[in-house]
Amino acid sequence: MNDEITVRLREDFPILSREVYGKTLVYLDNAATTQKPRCVVEAISDEYYNVNANVHRGVHFLSQQATELHEQSRETVRQFIGADSTSEIVFTRGTTESINLLASCLRQIGTLNAKENGCGNPQKKNAQREIIVSTLEHHSNIVPWQLNGFKVRPIPMIDNGMPDMDAYRLMFNENTALVAVTQVSNVLGTINPVKEIIRIAHDNNICVLIDGAQSTPHMKVDVKDMDCDFFAFSGHKIYGPTGVGVLYGKERLLEQLPPYQGGGEMIRNVSFELTTFNDLPYKFEAGTPDYVGTHSLAAALDYVTAVGMDCIHHHEQELYRYAVKQMMEIEGMVIYGVTDGQGQMLNADISECAGPISFKVGNIHHLDLGTLLDRLGIAIRTGHHCAEPLMHRLGIEGTARASFGLYNTFDEIDRFVAGIRRVAQMFG
Ligand code: PLP
């Protein structure tokens with residue numbers, strides 16, 4: 001994507017031209033949430049102004065039209081992630097709820113049949129069931145498992161953020177219930193070797209959930225090519241609305257799971273004695289869904305598809321490399337997962353990275369760095385990024401983090417790097 005295209009795309013995002021503290025905003029907090037293009041905001045207002053009615057319930061015109069938009073959105077999601085069927089697309093409130101859904105349902109049945117006609121992992125009675133995760137996980141792929149009585153076992157991490165695959169191969173036992181790993185780290189930007197992780201889990205007859213919160217906005221995702229069993233992502237991280245997300249699951253596996261919550265929509269028949277449940281995916285969608293959210297999520301997916309996921313990935317890779325190269329020239333710079341603190345690269349090849357950059361400069365506290373950059377109009381994130389176990393592994397409390405989106409420019413990286421230099425000077 002050349003700068004001319006980026007400049008044109010930026011016009012779709014009105015917020016990017018606003019000023020903070022008298023300076024044009026440089027928004028580098030895209031891993032937390034992305035800004036919204038006009039088409040997404042218009043999809044929201046258009047639905048409220050012209051279509052609004054509850055879905056799947058009314059015979060009247062508006063209800064039918066709202067239902068059609070909602071179900072078309074499911075088809076848009078299906079195509080976007082390459083699923084076989086819309087039965088496999090469950091709408092949720094976001095990645096966090098998708099993982100809670102799976103954790104709660106899996107607790108009830110204990111094990112899943114990873115293989116067609118398989119019988120699942122014959123787990124020991126009363127033994128605590130285990131979820132294998134990577135060290136990089138966001139709290140939302142740790143806590144739901146703990147809350148549902150699972151033991152969470154991390155794959156040891158090597159210094160460049162990659163999982164130790166030899167150790168991983170040895171982690172399976174009769175109590176393993178699932179492997180649940182993020183595709184891209186929200187802290188280090190590491191891209192986990194998910195295909196290999198999935199292949200090994202399947203060899204052990206274990207299913208895999210991929211947390212796609214940080215991959216979906218930055219690269220083409222294909223759940224069938226990956227062969228993951230479940231996949232979760234959030235609308236707001238991919239230029240869509242807040243409060244809506246997706247859980248993909250292979251139809252055969254979703255069929256094995258009990259419902260998540262009870263209420264309208266998820267039932268077939270209800271009596272005071274007995275309730276029977278609806279077909280997929282509605283079995284998991286109790287209550288009125290966020291049909292305005294799903295419609296505007298589809299608008300966001302159409303938007304990034306029109307720009308081109310490969311184009312976005314390539315552009316963000318270039319921004320990443322450009323930023324890392326300049327940042328490395330700043331004295332005292334440590335980029336976690338990329339450099340070793342003595343200026344040496346941990347990864348010989350960073351060409352595949354396009355995720356967030358987590359860093360520190362000398363002894364400057366990340367909070368000071370973030371606050372002072374903010375005064376220069378540059379929005380970054382500071383703290384533990386909801387990944388405390390990773391912070392423990394790195395032996396730190398937190399980092400400063402810059403993360404890019406399709407609308408960021410090389411000029412903005414220049415301003416960001418100049419801002420870090422200025423802060424570093426202030427601290428002597
Ligand atoms: N997983 C990862 C890797 C994330 O980065 C995040 C959010 O930052 C989440 C899960 C949770 O996403 P949400 O808050 O949209 O549910």
Side-chain angles (χ1 to χ4, degrees), residues 33-34 36 40 43-44 46-48 51-58 63-105 140 144 209-213 215-217 221 223 228-251 253-255 257-268 277-305:
T33 200
T34 49
K36 317 304 168 200
V40 168
I44 297 169
D46 182 55
E47 181 140 19
Y48 278 129
V51 186
N52 183 48
N54 209 330
V55 294
H56 298 141
R57 283 159 172 76
S63 175
Q64 306 246 346
Q65 202 176 3
T67 303
E68 212 169 288
L69 287 178
H70 180 60
E71 291 306 324
Q72 267 170 15
S73 306
R74 207 186 295 278
E75 171 59 17
T76 303
V77 171
R78 182 197 73 73
Q79 285 180 24
F80 188 75
I81 60 170
D84 269 337
S85 150
T86 48
S87 305
E88 300 179 320
I89 308 298
V90 178
F91 284 125
T92 64
R93 288 193 298 122
T95 308
T96 302
E97 189 178 49
S98 297
I99 299 174
N100 274 278
L101 185 163
L102 185 58
S104 163
C105 295
S140 61
L209 161 74
I210 298 297
D211 172 348
S215 58
T216 331
V221 161
V223 290
C228 58
D229 301 289
F230 300 96
F231 186 88
F233 72 96
S234 299
H236 71 102
K237 296 203 194 270
I238 185 164
Y239 312 98
T242 53
V244 65
V246 170
L247 176 67
Y248 156 84
K250 286 181 180 162
E251 194 165 336
L253 298 170
L254 289 178
E255 293 285 10
L257 295 174
Y260 173 45
Q261 293 176 329
E265 197 56 41
M266 49 75 73
I267 52 90
R268 177 162 297 134
F277 304 116
N278 206 341
D279 295 330
L280 294 177
Y282 311 109
K283 180 172 92 174
F284 298 106
E285 295 180 353
T288 300
D290 183 358
Y291 52 86
V292 177
T294 57
H295 174 46
S296 47
L297 169 63
L301 299 185
D302 285 342
Y303 181 84
V304 291
T305 303

Applying side chain to side chain contact (heavy atoms under 4.5 Å, CB included) to Ile81 and Ile89, what does each step give before you reach the verdict?
CA-CA 10 Å; Ile81 60 170; Ile89 308 298; 3.9 Å; yes
Quick one: are [X] and [Y] in side-chain contact, heavy atoms under 4.5 Å?
| X | Y | answer |
| --- | --- | --- |
| Asn52 | Tyr291 | yes |
| Thr288 | Arg57 | yes |
| Pro281 | Leu254 | no |
| Val292 | Val51 | no |
| Leu247 | Phe284 | no |
| Phe91 | Val246 | yes |
| Glu71 | Thr86 | no |

Name of the residue among Thr34, Leu297, Thr33 meeting side-chain contact (heavy atoms from CB on, under 4.5 Å) with Tyr239
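One option only clears the test, and that one is Thr34.
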Taking all heavy atoms of [X] and all of [Y], pick out the closest pair and write down the distance.
| X | Y | value |
| --- | --- | --- |
| Gly249 | Phe230 | CA-CD2, 3.6 Å |
| Ser140 | Thr96 | CB-OG1, 3.5 Å |
| Val55 | Pro289 | CG2-CG, 3.5 Å |
| Ala66 | Ala53 | CB-O, 3.4 Å |
| Ser87 | Leu280 | O-CB, 3.6 Å |

Could you go through the side chain to side chain contact (heavy atoms under 4.5 Å, CB included) check for Tyr248 and Val77 one step at a time?
CA-CA 9 Å; Tyr248 156 84; Val77 171; over 6 Å; no
In chain order, what residues pass the ring pair (Phe, Tyr, Trp, His ring centres under 6.0 Å) check against Tyr260, with sequence neighbours excluded?
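Once residues adjacent in sequence are excluded, Tyr260 has no partner under the ring pair (Phe, Tyr, Trp, His ring centres under 6.0 Å) criterion.
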Between Asp290 and Arg93, does the side chain to side chain contact (heavy atoms under 4.5 Å, CB included) criterion hold? Intermediate values first, please.
CA-CA 8 Å; Asp290 183 358; Arg93 288 193 298 122; over 6 Å; no
Please round to the nearest 0.5 Å and tell me the distance separating atom [atom1] of [X] and atom [atom2] of [Y].
| X | Y | atom1 | atom2 | value |
| --- | --- | --- | --- | --- |
| Ile99 | Asp211 | CD1 | CG | 4.5 Å |
| Lys283 | Ile267 | NZ | CD1 | 14.0 Å |
| Ile210 | Asp229 | CD1 | CG | 9.0 Å |
| Asp46 | His295 | CG | NE2 | 5.5 Å |
| Leu69 | Ser296 | CG | OG | 10.5 Å |

Taking [X] for its side chain and [Y] for its backbone only, find out whether a donor-acceptor pair lies under 3.5 Å.
| X | Y | value |
| --- | --- | --- |
| Thr95 | Ser234 | yes |
| Asn100 | Pro144 | no |
| Lys36 | His236 | yes |
| Glu88 | Lys250 | no |
| Arg74 | Gln72 | no |
| Ser63 | Gly58 | yes |

Go through the side-chain N and O atoms of Glu75 and Gln79 and say whether any donor and acceptor fall under 3.5 Å apart.
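Glu75 vs Gln79: donor-acceptor pair found between side chains.
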His56 vs His70 aromatic rings, parallel, tilted or perpendicular, using cut-offs 30° and 60°?
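Aromatic pair His56/His70 classed perpendicular.
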Take Arg268 and Asp279 through the test salt bridge (Lys or Arg N to Asp or Glu O under 4.0 Å) and record every step on the way to the result.
CA-CA 8 Å; Arg268 177 162 297 134; Asp279 295 330; 2.4 Å; yes
Apply side chain to side chain contact (heavy atoms under 4.5 Å, CB included) to residues Lys237 and Thr216 and explain how you reach the verdict.
CA-CA 8 Å; Lys237 296 203 194 270; Thr216 331; over 6 Å; no
